[in-house]
Amino acid sequence: MVDITQPAHLRRAFSIYDKKIRAIVYQAGLVVSLAVVVTAIAIQTVSNMRQRGIPLTFDFWNQTAGFQINQTLIPYDTLSSYGQAFWVGVANTLLVSALGILLATILGFLIGISRLSHNWIVAKVATSYVEVIRNIPLLLQLLFWYNAVLKPLPAPKASIALPGGIYLNNRGIILPAVEFHAGAALVGMAIVAAAAFATAFSAYASGVQNRTGKQLPVLVVHLLLLTGLPLVAYVGAGSPWSFTYPELRGFNFRGGQQIYPEFAALLIGLSVYTASFVAEIVRGGIQAVSKGQTEAAHALGLPKGKTLRLVVVPQALRIIIPPLTSQYLNLIKNSSLAVFIGYPDLVQVFAGSVLNQTGAAVQVMAITLVVYLVISLITSAAMNAFNLRFALVER
Amino acid sequence: MTTTLPVTPAFHHEYVPATPPPSDIRPNAVTWARTNLFSSPFSCLLTVCFTGLAVWLVSQFLSFALFNAVWSGDSEACRANPDGACWSFIRAKLNYLQYGAYPATERWRADLTQVIGVVLIAWLLWRNAPRRNTAALLFFGVYPIVGFTLLRGVEAIGLPVIDTTLWGGMMITLLMSVVGIVFSLPLGVVLALGRRSELPMVKAVCVFYIEVVRGVPFITVLFMANFMMPLFVPEALTPDRLLRPMIATALFSAAYMAEVVRAGLQAIPKGQYEGAQSLGIGYFTMMRLIILPQALTIVIPGIVSTFIGLFKDTTLVAIVGIADFLRAVETARIDPNWAGPTISSTGYLFAAIIYWFFCFGMSRYSQSVERHLARGHKS
């Protein structure tokens, strides 16, 4: 009972209607029930795993994997360990994600800008693209690219020859391979030097503009530096690289760089699908910049190109970058659909082959989840840093 | 009216006849084309290129899907025609694509479940329908039980039990989506409320759950459900092979739903919370009667787009061996009796049309709701 005639500090009431006490009770209840559930699951899992002879440790990591992986960025053969197979999967996931993000961004920006075009037919074609592509499941699109487009290509003997020594067949796309000779390093150094000069010149130009208001031709100088220096080095070193063209020998091509159909299908599917979402984000971002901004810039006498580059796009990017980040994360997560068409990404190699062979479900799934969480965290941290550069600085 | 004062307006607009716009901008087909298609040399170039592209794509599509397609006949007729779709293949496989291996004599049960579902959803979505909260109660509370009983069967009431291994096709896709929708929305609301809670432990648990689930691919969640759920519980309680991906779907989309609902909660002005608190009503009553109805209405478009994502994601359950619609198309496609040059393309085209129809329909509905709400805010 609470005696309300007493002063507050003397009441010492323990009442379930007290807000603070209720908060403690609720939270204690939640923590205790979660702890009970987790402990029960852990005990049950360990006993189930023992019973079924499933390994409880990470010993499998150094055992021989014994399966083949067709596309490997890092050394791997059938004698390699499960640990090496894991890294092959991680590298393949990162490769297809990075290239997918690049292509989806380019395609998405083009389509997003096309949707806003004053040209009626351009806008309609872009709108149809978005409405068709984003309303069809990604998996269906991947299967289409793989099973209906790339797999029915002719066998290597009857390859479709494209100009430039490129061949298309059901084993993938065969490109000429580049071979570097002695002087190639010189060209590399020339590129680095050109980049350094270009950066220095930009700093100098912005200094001049801040002092005098005069604009130096930054773009022209950059172009000259970045193409001129490497070109001079290339000629000076005597054309230090050459192409080896693929040749048909027996049933398959020798030489050249092979792009596997699984990789090509996944990359095309991911880029085409994500581009439709990127396009919507870009369109929304540009439309959200008020028209007064453009009009004000024109009133100041800025030409169309500069208005876009200096006034509209920086403000649009502020709106575009956060949702773009989540599309990038979606693309990385969607690359796990590789498992359906047999591209050896992390999920296919590790949560597929390794899990099936070792049976260590808990360990393998835990590692896979952690890898995706880490990739997600790094991507969003990088995009947030990028976002800070464009964020509105308020006084 | 006997006497009327003579009205002499200061200005009669009839006195000044409306001038027609100058002839060169008068709206007609030519001026429209000039402004929208040929405004500059670059625009002319784009018009030519894109018209060519559009004409080529549409003609390719039409000739494949309509003009050169095989509409009847057997696999021989399709094999002989490498230029067009083979719709007789779809016709032959239609039952399989709809129900999978569900026994033919019991398919009325699947149909009945679907009809009930359609009626309830139509009732829920039709804005002027009476007693929509009854519909919500039926859909979220009663329908899952009735639907499961009908599909699975109970010996006691004379419905033979049909094992879930026989379920398949469009039926599974719809089932997965409805289960995902029915369970992810309430769970998402709870998670969103938890995330905005003032109790630090509750908040931490919800934030952790939402962020982790949103950070991993759906496939890994399905893998987990498939491989680990049987390890988590005693053998006798092992969930059915169809139930595992359903639980995974609901838990997965709940995290996304939670973020959508959170956006709605944040959009409610503080005055609404304060007004409710000043009336002295408790937290749960306030949320149920004042905050959530407003918040959920605002985020209907977000909820619908989460549903669209969920519907598209149901295709991934094939990875744990569930024969959903897309998997049924895959199985039908590689049937050696129907092997032919255009069978794969026909199968994928058919699947694409079905999925597109559902997803586009949902997105159009959400746009109409958005416009309706925007109109409400203007007044």
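Lettering of chains follows the sequences in order, A, B, ..., and the numbering in each one begins at 1.
Lys151(A) contributes atom NZ, which lies 12.5 Å from atom OG of Ser344(B) (distance to the nearest 0.5 angstrom). Rounding to the nearest 0.5 Å places CD1 of Ile136(A) at 9.5 Å from NZ of Lys312(B). In this structure, Asp313(B) CG and Leu138(A) CG are separated by 9.0 Å, a value rounded to the nearest 0.5 Å. Considering CE of Met228(B) and OG1 of Thr45(A), their distance stands at 7.0 Å, rounded to 0.5 Å. The structure places OG1 of Thr220(B) at 13.0 Å from CZ of Phe350(A), a figure rounded to the nearest 0.5 Å. For the atom pair OG (Ser197(B)) and CD (Gln27(A)), the distance works out to 7.0 Å, reported to the nearest 0.5 Å.
Among Leu46(B), Thr51(B), Val202(B), Ile319(B), the residue with the largest count of heavy-atom pairs under 4.5 Å with chain A is Ile319(B). Your options are Ser43(B), Ser363(B), Ala318(B), and the one with the most heavy-atom pairs under 4.5 Å with chain A is Ser43(B). When each of Met362(B), Arg333(B), Glu235(B) is checked for heavy-atom pairs under 4.5 Å with chain A, Arg333(B) comes out on top. When the candidates Thr368(A), Val347(A), Val132(A) are compared by the number of heavy-atom contacts under 4.5 Å with chain B, Val132(A) comes out ahead. Most heavy-atom pairs under 4.5 Å with chain A, from the set Phe227(B), Trp356(B), Tyr355(B): that is Trp356(B). Most heavy-atom pairs under 4.5 Å with chain A: of the set Ala54(B), Pro234(B), Ser345(B), Ala352(B), this distinction falls to Pro234(B). Residue with the most contacts toward chain B among Leu373(A), Ile375(A), Asn330(A), Val339(A): Leu373(A) (heavy-atom pairs, distance under 4.5 Å). Interface check for chain B: of the options Gln51(A), Lys124(A), Glu131(A), the most heavy-atom pairs under 4.5 Å are formed by Glu131(A). Counting heavy-atom pairs under 4.5 Å between each of Val370(A), Asn48(A), Asn135(A) and chain B puts Asn135(A) at the top. The candidate from Pro200(B), Ser39(B), Cys49(B), Pro341(B) with the greatest count of non-hydrogen atom pairs under 4.5 Å with chain A is Pro200(B).
Taking all atoms of both residues into account, the shortest heavy-atom contact from Val31(A) to Met201(B) is CG2-CE, 3.4 Å. Scanning all heavy atoms of the two residues, the minimum distance from Arg52(A) to Pro230(B) falls at NH2-O, 3.7 Å. Nearest heavy-atom pair across Thr47(B) and Ile121(A) is CA-CG2, 3.8 Å. Taking each heavy atom of Leu140(A) and Ala351(B) in turn, the nearest pair found is CD2-C, 3.7 Å. Closest approach of Ser336(A) and Ile219(B) over heavy atoms only: O-CD1, 3.3 Å. In this structure, Ser376(A) and Gly215(B) approach most closely via the heavy-atom pair OG-O, 3.2 Å.
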(request) Please assess Phe223(B) against Leu355(A) for the test side chain to side chain contact (heavy atoms under 4.5 Å, CB included), listing each intermediate value before the final yes or no. (result) CA-CA 10 Å; Phe223(B) 265 125; Leu355(A) 194 154; 5.5 Å; no
(request) Could you go through the side chain to side chain contact (heavy atoms under 4.5 Å, CB included) check for Leu37(B) and Asn119(A) one step at a time? (result) CA-CA 5 Å; Leu37(B) 294 175; Asn119(A) 189 311; 3.7 Å; yes
(request) Test Phe340(A) against Leu316(B) for side chain to side chain contact (heavy atoms under 4.5 Å, CB included), laying out the working first. (result) CA-CA 9 Å; Phe340(A) 285 94; Leu316(B) 305 190; 3.9 Å; yes
(message) Using the rule given for side chain to side chain contact (heavy atoms under 4.5 Å, CB included), can you reason through Tyr348(B) versus Asn147(A), listing the C-alpha separation, both sets of side-chain angles and the distance that settles it, and then say yes or no?
(response) CA-CA 10 Å; Tyr348(B) 290 137; Asn147(A) 288 327; 2.9 Å; yes
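Only the side chain of Leu34(A) comes within less than 4.5 Å of a heavy atom in chain B; its backbone stays farther off. Contacts between Val205(B) and chain A at a heavy-atom distance below 4.5 Å involve the side chain alone, from C-beta outward. With a 4.5 Å cut-off on non-hydrogen atoms, Arg327(B) does not touch chain A at all.
Contact of the Leu326(B) side chain with the Leu143(A) side chain is registered, since non-hydrogen atoms from C-beta on lie closer than 4.5 Å.
More than 12 heavy-atom neighbours from other residues, nucleotides or ligands sit within 6.0 angstrom of CD on Gln60(B).
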